[in-house]
Number of protein chains: 2
Amino acid sequence: MKLPTQADVARLAGVSRATVSYVVNDQAGGQIPISEETRQRVLAAVAELGYVPDSRAQALRSGSTKTIGLIIPDIQNPHFWEMAAGVEQEASKIGYHILLSSISPKSRDAEDVFENLSYRRIDGLIMVPSFIYQSQKAQKTLADLLRQRIPIVGMMSNLSQINLDIDRVVSDYRDATLEIMTHLLDLQHRRIGFIYGIAVPNLGEDRLSAYRESLQSANLRVDPELIASCGPTMEDSYQATLRLLQLPDRPTALLVINDLLAVGALRAISDRNLRVPHDISLFGYDDIPLAQYMVPRLSTTRLTSPNCRASSALSLRSLSTISIATALPTARVRRWVPPAPGIMPRLISGWPNLAVSDATIMSHAMASSQPPPRHHPLTAAIIGLAMAVS
Amino acid sequence: MKLPTQADVARLAGVSRATVSYVVNDQAGGQIPISEETRQRVLAAVAELGYVPDSRAQALRSGSTKTIGLIIPDIQNPHFWEMAAGVEQEASKIGYHILLSSISPKSRDAEDVFENLSYRRIDGLIMVPSFIYQSQKAQKTLADLLRQRIPIVGMMSNLSQINLDIDRVVSDYRDATLEIMTHLLDLQHRRIGFIYGIAVPNLGEDRLSAYRESLQSANLRVDPELIASCGPTMEDSYQATLRLLQLPDRPTALLVINDLLAVGALRAISDRNLRVPHDISLFGYDDIPLAQYMVPRLSTTRLTSPNCRASSALSLRSLSTISIATALPTARVRRWVPPAPGIMPRLISGWPNLAVSDATIMSHAMASSQPPPRHHPLTAAIIGLAMAVS
DNA sequence: TTGTAGGCGTTATCAT
DNA sequence: ATGATAACGCCTACAA
């Protein structure tokens, strides 16, 4: 069955197509006056025919597709899905739809997926790091998008990912890591392991380098044996943890690069008949919802946070299990701009002092000191989206 | 910067717009012959200008947006994420994009989200149950979509969700549940609890009714106290499990409606200082990836499956923890149609004997015996998508 | 082998 | 206050 078109409505209501357009778009309120009688006639015709504007034609005509592309790595990490869910919800609030793409590092056509997405005339793009962006072709695609002045926001903590000059939302776990390490070293831990399970080279450097520096400041040797590099899946961290636990002088504490992998580590510890926190301490990052339901609890929030439940049960050797909440507050915020009306000012839930209103807030967060000129209003909104869930 | 258009390419190459269209669409192979020389000139112009066809215009002209809508409930259940990831991957393989929408039962504008999605001239729709579909407005939207002959596939096990006549992919946990119950009753379990945590009324009836029937067949009373209805979050099942464990005559085994909630239950059991499987048996459904990393393992696969690790460690009172894998093989398949070439025949991974090739396979899976007339080729593909991850 | 022309459903700019 | 008309960028008969 063919859908009714604007022309059908116009015919039925006995008006022109333009009038129909005015009425359905409610332009009548401001500029173009439409008599109430005509308005009602049009509305009646719309209802009778079940007319809905064709968003394809709208997109073609208006230039805007009301669509934001979202690219996430397809790894099984709830953290990314939380991001996706958050982005979708926020986008929906401002009338945008999400065009979802996942990119698996394995799939050979990942570049094409990326390229395809860019051809769909999306109004904006949010992406999460993946090594695919380092490829020639991906770089070119990104450059194309930038040339079109499409707002792009990366949710990534690592500058080496992309050479291009795009806005980013950066979570920095450095301070949190320093805090953990100080604590552990105070508790006389001397063998601290690090499960470095990454999908992208250099990802999570913030945690690893802070780990190294802490040891060095304490005049302790950074034992390469204790840094277990592995892949990004639970199985990877499970195996890596098993390896660490088999060392002659096994670690008494373990930092794991994110909560998902911490789950794998927990399982490995249990399979070795060790207990957390009695025999070994365990730390994760992200505070995924699951964390507090693990046994033992991979609990939540920052070390110094008042509601850090775990820290109340400290023993000399162990700090129980802690999952560091997403370190949004420690992200480097270059410039504070008070919320501009109309551009999606919103509070980051849980951090009432931090609001997002303008692209400049996070522009070049970690790179240069002056924000690049970027005036597309959607950029602010997209950064808001990205930040709201980062 | 304005993007180059077909006309720009035509001008640069010194040909007409039609020729450009032929070349970029590779129609030359079949019908319309283009001289190799012209072809190269056009291609060169395309490359020089960085021309890409405008998918908005393509959509308007061709009628197809190459887009499939996906609606999932926004609850924090990895099971749905897995679905979304699977759908996205499969869609991408056949050149489709996913327009993602999540619908939270709480949000008041959920209906609008649904409606919005339907206006975007999507080529198909995949949706997961949510009570929102029961509303008047949602029903109307669905009816509109059906009137447009848009292929719609529901991934839902419950017929009462929607009164409309749409294709569904049905997972039926009934047999699996009967199997578990038989086993537990054989092991002399007499107090078996059921954590019925649902987001939608009547969801998961298959499990609950099989649970009831099993008890009745064994001449046991169905104790309403042992059926804990609650919400769909881990916290809900955590609380519900605590309640069950406080009963004077507490259950010795627990069925939980899905793995996510089983995690919450596991935590509650641990908080009551009980151990699985020594003190209580625990069962979940879905086999989410996380399941096998839980301590103790919420292990995997069907009871009778050869690789059911847990069943080898049976004790009298307990069957360890078992997560029933998605019950695809027990879904009611009305009619088997051998794979039709070109319509995305594919094997369901892990179940080599079950392939998806035609809408008729799952049509009216649980309702009537004759499939409805539904000839849109995309339906088959979409059912394939949906089934591949259900 | 290539070019011409019409139309997809909107919106915006002019007239009326 | 409303109507005609011209784009938007592309595809596809059909004509040359």
Side-chain angles (χ1 to χ4, degrees), chain A residues 1-43 45-46 49-67 119-123 148, chain B residues 1-43 45-46 49-67 119-123 148:
Chain A
M1 159 176 290
K2 197 149 168 331
L3 264 67
T5 162
Q6 205 183 48
D8 298 326
V9 177
R11 202 175 308 118
L12 181 61
V15 296
S16 76
R17 303 208 325 272
T19 309
V20 176
S21 177
Y22 296 146
V23 171
V24 303
N25 293 354
D26 246 355
Q27 303 254 339
Q31 317 301 332
I32 297 109
I34 297 276
S35 73
E36 186 55 27
E37 192 258 323
T38 311
R39 221 180 89 82
Q40 291 306 329
R41 232 184 27 243
V42 172
L43 254 27
V46 166
L49 294 174
Y51 163 78
V52 287
D54 186 329
S55 66
R56 294 169 304 191
Q58 282 178 326
L60 180 57
R61 180 63 235 228
S62 70
S64 162
T65 53
K66 289 287 188 182
T67 300
Y119 292 170
R120 309 219 28 165
R121 302 301 196 263
I122 47 180
D123 291 345
Q148 297 169 36
Chain B
M1 162 176 285
K2 196 148 169 334
L3 262 67
T5 163
Q6 205 182 47
D8 298 326
V9 177
R11 203 173 309 120
L12 181 60
V15 295
S16 79
R17 292 187 6 247
T19 309
V20 176
S21 178
Y22 294 146
V23 171
V24 303
N25 294 354
D26 245 355
Q27 302 258 341
Q31 318 299 332
I32 297 108
I34 298 277
S35 74
E36 187 56 25
E37 193 258 323
T38 312
R39 222 179 88 82
Q40 290 307 329
R41 237 189 16 247
V42 171
L43 255 27
V46 166
L49 296 173
Y51 164 77
V52 286
D54 186 329
S55 66
R56 296 168 303 190
Q58 282 179 325
L60 180 57
R61 179 62 231 238
S62 69
S64 161
T65 53
K66 290 288 188 182
T67 300
Y119 291 170
R120 309 221 24 165
R121 302 302 196 264
I122 48 180
D123 291 346
Q148 297 170 37

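Residue numbering restarts at 1 for every chain, and letters A, B, ... go by the order of the sequence lines. Quick caveat: nothing in here was measured; it's all calculated off a predicted structure. The basis for the numbers below is simple: all heavy atoms, side chains too, and nothing from hydrogens, waters or symmetry mates.
Annotation: side-chain hydrogen bond (donor to acceptor under 3.5 Å, both in side chains) contacts of B/S62 (sequence neighbours excluded): none. In this structure, the side-chain hydrogen bond (donor to acceptor under 3.5 Å, both in side chains) partners of B/T38, at least two apart in sequence or on a different chain, are B/S35. Listed by chain and number, the residues in a salt bridge (charged side-chain N to carboxylate O under 4.0 Å, His left out) with B/R121 are A/D54 (sequence neighbours excluded).
Across the helix from C/dT1-D/dA16 to C/dT16-D/dA1, the helix axis at one end is tilted relative to the axis at the other end by 50° (nearest 10 degrees, each axis from five pairs).
The phosphate of C/dT11 has neither OP1 nor OP2 within less than 4.0 Å of any side-chain N or O from A/S62. OP1 or OP2 of D/dT2 sits under 4.0 Å from a side-chain N or O of A/T38.
Closest contact between the side chain of B/L60 and the listed nucleotides D/dC11, D/dG9, C/dT2 involves D/dG9. For B/Q6, the listed nucleotide lying nearest its side chain is D/dC10; candidates were C/dT13, D/dC10, C/dT2. Among C/dG3, D/dC11, D/dG9, the nucleotide with an atom closest to any side-chain atom of B/A18 is C/dG3. In the set C/dT10, D/dT12, C/dT13, the nucleotide with an atom closest to the side chain of A/Y22 is C/dT13. Considering only side-chain atoms of B/T19, the nucleotide from C/dG3, D/dT2, C/dG9 that sits closest is C/dG3.
Toward the 5' end of DNA chain C, the nearer of the two residues B/R17 and A/R56, judged by each one's closest nucleotide, is B/R17.
A donor-acceptor pair shorter than 3.5 Å can be found between the side chains of B/S64 and B/D123.
Near DNA chain D, defined here as any heavy-atom distance below 4.0 Å, there are no residues from residues 8-16 of chain B.
Atom CG of residue B/L60 and atom OG of residue B/S55 lie 11.5 Å apart, to the nearest 0.5 angstrom. One finds the CZ atom of A/R120 at 11.5 Å from the CZ atom of B/R56 (value rounded to the nearest 0.5 Å).
Among B/V15, B/V9, B/T19, the single residue meeting the side-chain contact (heavy atoms from CB on, under 4.5 Å) criterion with B/R41 is B/V15.
Atoms CG (A/D54) and C1' (C/dT10) sit 8 Å apart, rounded to a whole Å. Between the C1' atom of C/dT10 and the OH atom of A/Y51 lies a distance of 7 Å, rounded to the nearest Å. Rounded to an integer number of Å, the gap from B/L3 CG to D/dC8 C1' is 13 Å. Atom pair B/R121:CZ and C/dG9:C1' shows a separation of 9 Å (rounding to whole Å applied). When rounded to the nearest whole Å, the span between NZ of B/K66 and P of D/dC10 equals 17 Å. Distance, A/R61 CZ to D/dC10 C1': 15 Å, rounded to whole Å.
Across all strands, A/T5 comes closer than 4.0 Å only to sugar-phosphate atoms, never to a base (heavy-atom distances). Nucleic acid contact for B/Q58: sugar-phosphate only, since backbone atoms but no base atoms lie under 4.0 Å from a heavy atom of the residue.
For residues 10-24 of chain A, the set of pairs meeting the salt bridge (charged side-chain N to carboxylate O under 4.0 Å, His left out) definition, not counting sequence neighbours, comprises A/D8-A/R11.
Among all heavy-atom pairs drawn from B/V42 and B/A13, the shortest one is CA-CB, 4.0 Å.
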(message) side-chain contact (heavy atoms from CB on, under 4.5 Å), that's the test. Do B/S21 and B/Q6 meet it? Break it down for me.
(response) CA-CA 8 Å; B/S21 178; B/Q6 205 182 47; 3.3 Å; yes

